[in-house]
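Structure record follows, encoded as structure tokens.
Just so it is clear, the values below take in all heavy atoms, side chains as well, and ignore hydrogens, waters and symmetry mates. Throughout, protein chains are lettered first and strands after them, A, B, ... in sequence-line order, and every chain is numbered starting at 1.
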Amino acid sequence: MRLALPLEKLIDQLLKLPGIGPKTAQRLALYILKMPLEEAGQLAQAIIRARKEVFPCSNCGYLTDTDPCRICQDQSRDRAVLCIVEESSDIIAVERTGYQGRYFVLNKDFNLMEDNDLEALQLKPLIKKLESGEIEEIILALNPDIDGEIISRFLADMAVKYGVKATRLAYGIPVGGDIEFTDEITLRKALEGRKEL
Amino acid sequence: MSFGVKIMYYCSRAIIIKTMDLRETDKLVTLFSEKEGKIKAVAKGVKKPASSLRACVQPFCHSLLFFSSGRELDLITQGKLLDFYSNIREHIDLILYSVYIMELLDKNLMERVSLPGLYVDVLSVLEYINDIGYNPLAIRFLEMNLLKNLGYQPVLDECVFCGRKGGLLRNFSIEAGGTVCDMCVKCTAKNFPLSGELLALIRLLGSKNLKTVSRVKATDATLQQLEIFLEKYLEYHLERKFSVKNMISKLKHNRLRIT
């Protein structure tokens, strides 16, 4: 059965979003059609506004509407500690922990086997920060997979050249986790990094 | 006799080549299994912290995996980690060489073609690098055995053009895939000059096991020539460029362009 052309277009657009299949796209489109016109307009406006006004901070790469971003502007934060993350979404997660240092976002999909090598990472702003002598420690908060491991080792070597301490997030059992069902690698790493009580 | 019945469940030891994100918590795993060769399978829920499969599907892990056949892709249902190669993961150069091995397998093996000999060779090289450390001959050994298993083994005992055995074989034709005698050397425009030491080393790589190969003492110049030779041979016959190899070379020679 042929759908109304505007509805079909809306479904096509929703299908472009990650994790949205044809059925979900159809359900969302039908939901939008049921929304009051004013609410649908607000949704459309919010998408356009966010797309137009949000951009990566020139200093740290975090998504912001002011340059530098609010985190970089905050004078109460520790300027000697820099947390390096892969994506802006990682900052949101780290911020929930109460971390009070600053950030640097790599903002690049690194996949060595798919021809994206370390040259694609745009590290010049980071090197400038390391050269400035302001940074005393970088915390490598990258995903603990093979690509994250390669970047971490590479950045740690780079930091050492500038006399900056490089640390990484610890491996361990999640809070509320079950030792019996923890995989052997995590458990081994947790044993290696055990703390005295 | 086959009755056209598809096996629903099977298990195999496997080396994980690479993983790709699939949906919210799943991963598409490319692996080199002992029984089935290179296959792609879905590991469900491995991005969840509580997943017991997560450790088994990390790149260049050696795992025992249980599969259930699917219409398009098989599903990994259970797994047991056999080796994580933890020493490799401590050094960036060892990680990169291991990723290069995985890239060789990923870009050159056909799906569902069982190569048990190559499987044993890959395992032995990973174990060697993990236990002893980097040895260029271990990587060259694997490159040569990959060529051998794919049917591109170079002709090294006779002239590839006239078939003459014996005599001096001082050149190698990459295009023709073999050594060239002094009489036929004019037949080809692009020849790779071979020293006696280099030729002996290439012959050794294709005929002996890793234990023997790794004990060979060769000069740095010969090892460098061997690397260039195999790089050219691989690129010409497999028609591929290997990005990891390129990056290793940039890192080694400090030629990485920071942007």
Side-chain angles (χ1 to χ4, degrees), chain A residues 18-21 24 106-128 130-131 143-158 160-161 168 171-189 191-192, chain B residues 16-25 27 30 46-61 63 79-86 88-96 98-100 102-107 241-248 250-251 255-259:
Chain A
I20 305 282
T24 315
L106 294 172
N107 265 336
K108 191 81 192 174
D109 273 345
F110 172 77
N111 192 332
L112 196 53
M113 290 245 269
E114 304 299 328
D115 296 337
N116 286 330
D117 68 15
L118 290 166
E119 286 182 350
L121 283 177
Q122 297 179 346
L123 297 172
K124 261 189 185 161
L126 178 65
I127 291 176
K128 269 187 190 168
L130 295 176
E131 277 173 344
N143 286 335
D145 53 19
I146 209 71
D147 290 329
E149 197 67 42
I150 292 171
I151 304 174
S152 295
R153 301 265 167 200
F154 176 71
L155 294 181
D157 288 349
M158 194 196 256
V160 169
K161 279 181 201 159
R168 61 173 307 156
Y171 292 99
I173 303 159
V175 176
D178 201 325
I179 289 180
E180 189 188 349
F181 298 112
T182 305
D183 66 83
E184 45 272 66
I185 302 166
T186 311
L187 200 52
R188 194 190 304 165
K189 296 271 184 189
L191 273 171
E192 282 167 11
Chain B
I16 311 300
I17 295 175
K18 67 174 183 182
T19 60
M20 259 174 66
D21 285 352
L22 188 77
R23 296 187 281 270
E24 200 74 5
T25 56
K27 277 194 181 255
T30 307
V46 280
K47 283 160 86 180
K48 288 181 188 165
S51 168
S52 57
L53 261 184
R54 204 164 40 156
C56 314
V57 295
Q58 294 301 314
F60 62 85
C61 269
S63 306
K80 189 185 168 213
L81 186 71
L82 299 174
D83 207 332
F84 183 58
Y85 304 113
S86 50
I88 290 179
R89 286 164 211 268
E90 296 296 319
H91 307 278
I92 187 168
D93 50 344
L94 297 187
I95 297 174
L96 286 171
S98 305
V99 178
Y100 169 59
M102 298 304 120
E103 188 188 24
L104 283 174
L105 301 177
D106 184 42
K107 290 189 174 167
K241 288 259 179 204
F242 299 102
S243 54
V244 184
K245 187 79 187 291
N246 187 24
M247 204 181 86
I248 293 172
K250 280 182 192 169
L251 278 174
R255 278 192 281 114
L256 204 69
R257 199 161 36 86
I258 303 287
T259 51

Neighbour count above 12 (heavy atom, 6.0 Å) for Lys47(B) NZ
yes
Greater than 12 external heavy atoms within 6.0 Å of Leu191(A)'s CG:
yes
If you measure from CD1 on Ile146(A) to OG on Ser98(B), what distance do you get to the nearest 0.5 Å?
7.5 Å
Which atom pair, heavy atoms only, marks the closest approach of Gln58(B) to Pro144(A)?
OE1-O, 4.4 Å
Contacting region of Met102(B) [heavy-atom separation from chain A under 4.5 Å]
both
Can you tell me which portion of Ile17(B) sits under 4.5 Å from chain A's heavy atoms? Options are side chain, backbone, both or neither.
both
Under a 4.5 Å heavy-atom cut-off, does chain A meet the side chain of Tyr100(B), its backbone, both or neither?
neither
Let me confirm one number: the NZ-CG distance from Lys18(B) to Asp147(A), rounded to the nearest 0.5 Å.
11.0 Å
Counting heavy-atom pairs under 4.5 angstrom with chain A, the leader among Thr19(B), Asp106(B), Ile95(B), Leu81(B) is Leu81(B)
Could you look at Asp157(A) and say if it's the side chain, the backbone, both or neither that has a heavy atom under 4.5 Å from chain B?
side chain
If you apply the rule side chain to side chain contact (heavy atoms under 4.5 Å, CB included), what do you find for Ile92(B) with Glu149(A), and how did you get there?
CA-CA 8 Å; Ile92(B) 187 168; Glu149(A) 197 67 42; over 6 Å; no
Euclidean distance, Leu94(B) CG relative to Arg153(A) CZ, rounded to 0.5 Å:
10.0 Å
Contacts of type salt bridge (Lys or Arg N to Asp or Glu O under 4.0 Å), residue Lys48(B), not counting sequence neighbours
none
